[in-house]
Amino acid sequence: MIEIKNLKTGYHVSGHEKIVGNDLNAELKKGELTCLIGPNGSGKSTLLRTIASFMPKLDGEILIDGRNLDDFSASELSRLISIVLTDNSSIHNLSVFDVVSMGRMPYTGFWGYLNARDRQIVDDCLEMVGVKHLASHMIDALSDGERQKVMIAKAIAQQTPVILLDEPTAFLYYPNKVAVVLLLRKLAHEMNKTILLSIHDIDIALQIADNIWMIEDDGKLIVGDPAQLCDSGIIARHIVNDNIEFDREGRTFYVKAK
Ligand code: ADP
Ligand code: MG
């Protein structure tokens, strides 16, 4: 469904190109959960924002069902791709229901008048991610985990076939990280969504993702399913050091006791 070809990502800084990702080639398929991993500063957020059309690419192609991303209007894109960013701190003084309702904006227009169907969709999304009991709570009064779930409900309410999420498990307690990624996997598998999320919890990604996109230190993108990346030794090569051992079978890491 989404193909990136020879993609170059980055920024224009005082008239010069600052290249972050170069010659990136990969695919996202419908109904699959893909996890994007890589060191801090390797360009995960930049890549997600570029695919979401939040920032321009420097070169190459992003194709959605064979059509160039640049050829979609803003209104088409809002019905195609939703993105959940790490920093949700800009939303204040709104109830959980209102925040999730914002996901309906591509359908309700700027003033956001919800009809009965929109309200039903918002209700269903709250239910689906398990935060319906918080509907009337203020967003500022939630825990990080609850707020993250609400932002995911908002993305689901937008009813886009593609959902991109930048570190949706950051700041969460381990069981909550697993719950969030399992929820996203369920959405991909049961609602046939295309989901790409960046994550630092590599052990969770290796156990739950259908595919892994891994950005290496040199900015190269390696793509494969978790078994391929574990069996080929690529994961071990990047993570293992004097402090860390990797159990291939269990797809998990151990800190070497000194
Ligand atoms: P990650 O999400 O993997 O931690 P980022 O995509 O945030 O990495 O950053 C990749 C690189 O792009 C870093 O070197 C970062 O400093 C740089 N960068 C991020 N945002 C900007 C910006 N607005 N202008 C210039 N460089 C940026
Ligand atoms: Mg980032």
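Order of appearance sets the numbers: ligands from 1, and atoms from 1 within every ligand. Counting from 1, the numbers follow the sequence of the chain as shown.
Here the protein heavy atom with the shortest distance to atom 12 (O) of ligand 1 is Val20 CG2, 3.4 Å. Counting protein heavy atoms only, atom 7 (O) of ligand 1 is closest to Ser45 CB, 3.8 Å. Atom 5 (P) of ligand 1 has as its closest protein heavy atom Thr46 OG1, 3.6 Å. When hydrogens are left out, the protein atom nearest atom 19 (C) of ligand 1 is Tyr11 OH, 3.4 Å; that is the closest non-hydrogen contact. The closest protein non-hydrogen atom to atom 13 (C) of ligand 1 is Gly41 O, 3.7 Å. Distance from atom 16 (O) of ligand 1 to its nearest protein heavy atom, with residue and atom name: Lys18 NZ, 3.6 Å.
One finds a salt bridge joining Glu127 and Lys132 here, because a Lys/Arg side-chain nitrogen approaches an Asp/Glu carboxylate oxygen to under 4.0 Å. Between Lys193 and Glu32 there is no salt bridge, since no side-chain nitrogen of the basic residue lies less than 4.0 Å from a carboxylate oxygen of the acidic one. Arg185 and Glu190 are not joined by a salt bridge, as no carboxylate oxygen comes within less than 4.0 angstrom of a charged side-chain nitrogen. A salt bridge links Lys57 with Asp70: at least one charged nitrogen is closer than 4.0 Å to a carboxylate oxygen.
When heavy-atom distances to ligand 1 are checked against a 4.0 Å cut-off, Asn40 comes that close only through its backbone atoms N, CA, C and O. Contacts with ligand 1 closer than 4.0 Å are made by backbone heavy atoms (N, CA, C, O) of Pro39 only, the side chain lying farther away.
Residues meeting the side chain to side chain contact (heavy atoms under 4.5 Å, CB included) test with Ile244, sequence neighbours left out: Ile239, Asn241, Phe253.
Annotation for ligand 1: atoms under 4.0 Å from non-hydrogen atoms of Gly43 are 1 (P), 3 (O), 5 (P), 6 (O), 8 (O), 10 (C).
Around the Mg ion (ligand 2), the protein N, O or S atoms closer than 2.8 Å are Ser45 OG, listed by chain and residue number.
Around the CE atom of Met191, the shell of radius 6.0 Å holds no more than 12 heavy atoms that belong to other residues, nucleotides or ligands.
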Given Glu17 and Lys8, is the salt bridge (charged side-chain N to carboxylate O under 4.0 Å, His left out) satisfied, shown in steps?
-> CA-CA 10 Å; Glu17 266 189 5; Lys8 192 200 272 186; 3.4 Å; yes

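Between Leu80 and Met1, the shortest heavy-atom distance links the atoms CD1-CE, 4.4 Å. Between Lys30 and Asn192, the closest heavy-atom pair is C-OD1, 3.8 Å.
Side chain to side chain, His238 and Asp217 fail the donor-acceptor criterion of an N or O pair below 3.5 Å.
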